[in-house]
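In what follows, a structure is listed as structure tokens, so that the remarks can point back to it.
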Amino acid sequence: MSGAPASAAGGSPGATGATGAPGASGGQRASGGPGGPGASSGPGPASVGPGASGASGASGAHGAAGAPDAEGGPKTPRGGKLGAAAVNQASLWNIANILTMIRLVLVPGFVVLMLADGGYDPAMRAWAWAAFAVAMITDIFDGHLARTYNLVTDFGKIADPIADKAIMGAALICLSGLGDLPWWVTIVILGRELGVTLLRFVVIRYGVIPASRGGKLKTLAQGTAVGMYILPLTGLLASLRFWVMGVAIVLTVVTGLDYVRQAIVLRRSGIAERRAAAVEAER
């Protein structure tokens, strides 16, 4: 395969032999070293020159045909970058964004159901729980679909965290307003969520704080606890939800402090890298 481009480039039979040798495309045999096929193909040193040029030509042709680049992926053909970007660009109306929009629409519907008949109608509270559960489930699937099928869009990056905090904030405020949940619980959870969001924006110039496993457990615990408070539970389940909410609060505080630690480390490392780059540039 590599010999044909070398012949097309005008190489001699010696060039063909050079390109056919192991490692010729890397230029290691093209110098006509001892024992190299390229060296024995021509009568003298003059034949080494064409062989070398043929090897380099073959190497260039092989690279243009799609040899792996430095990052391990195939090179994009010249003129194909724009087309690849157009193909990879996700549409606004993809399944991940649609699920996010559903969550946003569910927020006012949830509030209406939650506060219907003074907030103490068991049937309306059950429907409110259903809306809350759907919102929490779609929160899991839209992010997974966006990452798995490359459906990440600018709209999704902005709307997804807004939808997450909107449904959780609406549920907590409604529960505290109805007297079912102490206001300090709502303040701790919402304060942590808003604080972490602001923290991400502050350190975004140095890098991105990744979502941790503890953060996912926190979200699961919060969703379970709040869902149990939305339902008109009695007896053992009513007592159990108190402990589930306690676990959620502990995870909320611990993961919030961990985000602060990560932000400090990220900022310090970012400043150190910038100073090192400035010193290197001055040299």
Does V254 sit in a hydrophobic cluster with other residues, and if so which ones, taking ILVMFWY side chains as linked at heavy-atom separations under 4.5 Å, directly or through other members?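 Direct or chained contacts put V254 with V250.
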Hey, is [atom1] on [X] packed in by over 12 heavy atoms from elsewhere, all under 6.0 Å?
| X | atom1 | result |
| --- | --- | --- |
| K216 | NZ | no |
| Y120 | OH | yes |
| R274 | CZ | yes |

Do we see a donor-acceptor contact under 3.5 Å between the side chains of R200 and Y259? yes
Which atom names give the shortest non-hydrogen contact between [X] and [Y], and what distance separates them?
| X | Y | answer |
| --- | --- | --- |
| P182 | S176 | O-OG, 3.5 Å |
| V260 | L199 | CA-CD2, 3.7 Å |
| T255 | G215 | CG2-N, 3.9 Å |
| L99 | T138 | CD2-CG2, 4.0 Å |

Kindly list each side-chain donor-acceptor pair under 3.5 angstrom involving residues 223-235, sequence neighbours excluded, with atom names and distances?
from: T224; atom 1: OG1; to: L220; atom 2: O; distance (Å): 2.8

Tell me, with the steps shown, if K218 and D258 meet salt bridge (Lys or Arg N to Asp or Glu O under 4.0 Å). CA-CA 12 Å; K218 177 269 306 178; D258 183 63; over 6 Å; no
R241 bridged to D180 by N-O distance under 4.0 Å: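 So R241 does not pair with D180 through a salt bridge.
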Would you list the atom pairs, donor with acceptor, under 3.5 Å between side chains in residues 100-116 and any protein atom, with sequence neighbours excluded?
from: T100; atom 1: OG1; to: A96; atom 2: O; distance (Å): 3.1
from: T100; atom 1: OG1; to: D142; atom 2: OD2; distance (Å): 2.9
from: R103; atom 1: NE; to: D164; atom 2: OD1; distance (Å): 3.4
from: R103; atom 1: NH1; to: D142; atom 2: OD2; distance (Å): 2.5
from: R103; atom 1: NH2; to: D160; atom 2: O; distance (Å): 3.2
from: R103; atom 1: NH2; to: D160; atom 2: OD1; distance (Å): 2.9
from: R103; atom 1: NH2; to: D164; atom 2: OD1; distance (Å): 2.4

